[in-house]
Undergrad: 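The structure is given below, and queries will be raised subsequently.
Convention: sequence-line order gives letters A, B, ...; per-chain numbering from 1.
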There are 2 protein chains.
Amino acid sequence: MRIGELAERTGVSRRLLRYYEEQGLITSSRALNGYREYKESHVDVVLQIKGLLDAGLPTRIIQQLLPCLDKPQTIYVPNVTPEMIVTLQCEQARLSERIESLTRNRDAIADYLDTVLSVKSANAKSRATS
Amino acid sequence: MRIGELAERTGVSRRLLRYYEEQGLITSSRALNGYREYKESHVDVVLQIKGLLDAGLPTRIIQQLLPCLDKPQTIYVPNVTPEMIVTLQCEQARLSERIESLTRNRDAIADYLDTVLSVKSANAKSRATS
DNA sequence: TTAAACACTCACATTGATGTGAAGGTCAAG
DNA sequence: CTTGACCTTCACATCAATGTGAGTGTTTAA
């Protein structure tokens with residue numbers, strides 16, 4: 001598929017798809033006319049990138065992460081450097097921190113909404129009986 | 001306390017503290033000489049802001065969120081607009097999405113590390129017996 | 001064959017979160 | 001009274017993620 005379709009199917013602009021490629025997050029083959037050609041699998045990869053980016057990870061980290069997040073991963077196992085392992089462990093820890101922080105805040109919002117909404121419904125009742 | 005101490009205790013640069021104030025995330029009183037004065041409670045608020053920012057939320061959202069994340073919140077309940085509730089619900093959903101995405105990816109990293117490390121230890125054993 | 005839709009590269013603009021530095025005021029200690 | 005460590009504002013710089021547009025080539029379909 002070409003860039004337009006990929007953009008449409010992922011919700012990521014053409015501009016950004018080219019940017020991701022420039023940043024080494026995705027690759028593409030080129031047709032004879034120079035157009036980028038993508039495979040089905042790119043859809044998922046782009047969505048994953050989108051998710052990570054949206055989660056606040058910078059592209060250079062994502063670039064390191066991506067090769068490890070593939071499903072049939074066993075092939076890549078042997079040539080992993082110890083530094084890479086350390087990087088991943090750090091990143092894993094950072095992700096956990098983020099998750100915790102986000103969860104805390106989401107729960108706080110939830111609590112707040114609960115309170116607000118219960119008060120509102122109580123008010124509605126008291127208005128009904130007055 | 002003054003800005004230097006707050007910076008040190010929160011790990012947020014003076015520059016950023018002023019920026020947060022400019023963005024309406026925190027307030028400060030001024031001493032006679034014009035110096036900013038902060039209270040103990042600012043430490044927690046700044047840490048919370050840091051967490052949210054680090055979690056990828058933009059300041060303008062944090063600004064809307066903050067008043068709702070206070071503990072003694074019941075006072076503020078009455079004057080909440082319906083739009084605000086909608087905003088919060090949206091933001092809550094977005095947070096959940098982020099959390100999901102982050103969790104998925106963290107688990108993928110964990111799986112990868114597990115695989116890598118188990119292979120490594122297997123290799124170590126086979127080297128030992130050869 | 002021409003127009004519309006799509007692709008390409010290149011480059012400049014913007015936004016948000018930061019850093020950095022200049023020019024100057026305040027205050028405490030020597 | 002001076003020096004050093006604070007503080008102030010202001011402004012310019014940077015970086016990553018994006019947008020936007022110009023200028024040009026390609027494919028598609030009327």
Undergrad: Restricting to side chain to side chain contact (heavy atoms under 4.5 Å, CB included), what partner residues turn up for A:Asn33, sequence neighbours left out?
TA: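 In terms of side chain to side chain contact (heavy atoms under 4.5 Å, CB included), with neighbours along the sequence ignored, A:Asn33 is linked to A:Ala31, A:Tyr35.
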Undergrad: Rounded to the nearest Å, what distance is computed from the CD1 atom of residue A:Ile49 to the C1' atom of nucleotide D:dA16?
TA: 15 Å
Undergrad: I need the residues from residues 90-106 of chain B with at least one non-hydrogen atom less than 4.0 Å from DNA chain D; give them sorted by number, or say none.
TA: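 Output list: empty, so none.
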Undergrad: For A:Glu97 and A:Arg94, run salt bridge (Lys or Arg N to Asp or Glu O under 4.0 Å): C-alpha distance rounded to whole Å, both residues' side-chain angles, the deciding distance at 0.1 Å, then the answer.
TA: CA-CA 5 Å; A:Glu97 272 178 40; A:Arg94 286 177 43 109; over 6 Å; no
Undergrad: If you walk 5' to 3' along DNA chain C, what is the first nucleotide with an atom under 4.0 Å of a heavy atom in chain A, and what is the last?
TA: C:dC6 to C:dA11
Undergrad: Report the residues that fulfil side chain to side chain donor-acceptor pair (under 3.5 Å) with A:Arg106, sequence neighbours left out, ordered by chain and then residue number.
TA: B:Ser96
Undergrad: Run the side-chain donor-acceptor check on residues 57-65 of chain B: report pairs under 3.5 Å with partners two or more places apart or on a different chain.
TA:
none

Undergrad: With the threshold set at under 4.0 Å for non-hydrogen atoms, list the residues of residues 28-46 of chain A touching DNA chain C in residue-number order.
TA: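 Output list: A:Arg30, A:Gly34, A:Tyr35, A:Arg36.
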Undergrad: Flag yes if more than 12 heavy atoms outside B:Glu37 fall under 6.0 Å of its CD atom; otherwise flag no.
TA: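 It does: B:Glu37 CD has more than 12 such atoms within range.
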Undergrad: Just to verify, what does B:Arg36 make a salt bridge (charged side-chain N to carboxylate O under 4.0 Å, His left out) with, not counting sequence neighbours?
TA: B:Glu21
Undergrad: Could you list by number each residue of residues 2-23 of chain A showing a heavy-atom separation from DNA chain D of less than 4.0 Å, or answer none if no residue does?
TA: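 Within this stretch, A:Ser13, A:Arg15, A:Leu16, A:Tyr19, A:Tyr20 sit under 4.0 Å of the strand.
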Undergrad: In chain order, what residues pass the side chain to side chain contact (heavy atoms under 4.5 Å, CB included) check against B:Ala93, with sequence neighbours excluded?
TA: none
Undergrad: Among residues at least two apart in sequence or on other chains, which ones pass salt bridge (charged side-chain N to carboxylate O under 4.0 Å, His left out) with A:Glu100?
TA: A:Arg104
Undergrad: Would you please name every residue forming a salt bridge (charged side-chain N to carboxylate O under 4.0 Å, His left out) with A:Arg9, sequence neighbours left out?
TA: A:Glu5, A:Glu40
Undergrad: Show which side-chain atoms of residues 42-56 of chain A pair as donor or acceptor with protein atoms under 3.5 Å away, not counting sequence neighbours.
TA:
from, atom 1, to, atom 2, distance (Å)
A:His42, ND1, A:Lys39, N, 2.9
A:His42, ND1, A:Lys39, O, 3.4
A:His42, NE2, A:Thr27, O, 2.9
A:Gln48, NE2, B:Asn105, OD1, 3.2
A:Lys50, NZ, A:Thr10, O, 3.2

Undergrad: Rounded to the nearest 0.5 Å, what separation is found between the CG atom of B:Leu113 and the OG atom of B:Ser118?
TA: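 The OG atom of B:Ser118 is 10.5 Å from CG of B:Leu113, to the nearest 0.5 Å.
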Undergrad: Nearest 0.5 Å, please: how far is CZ in A:Arg18 from OG in A:Ser28?
TA: 10.0 Å
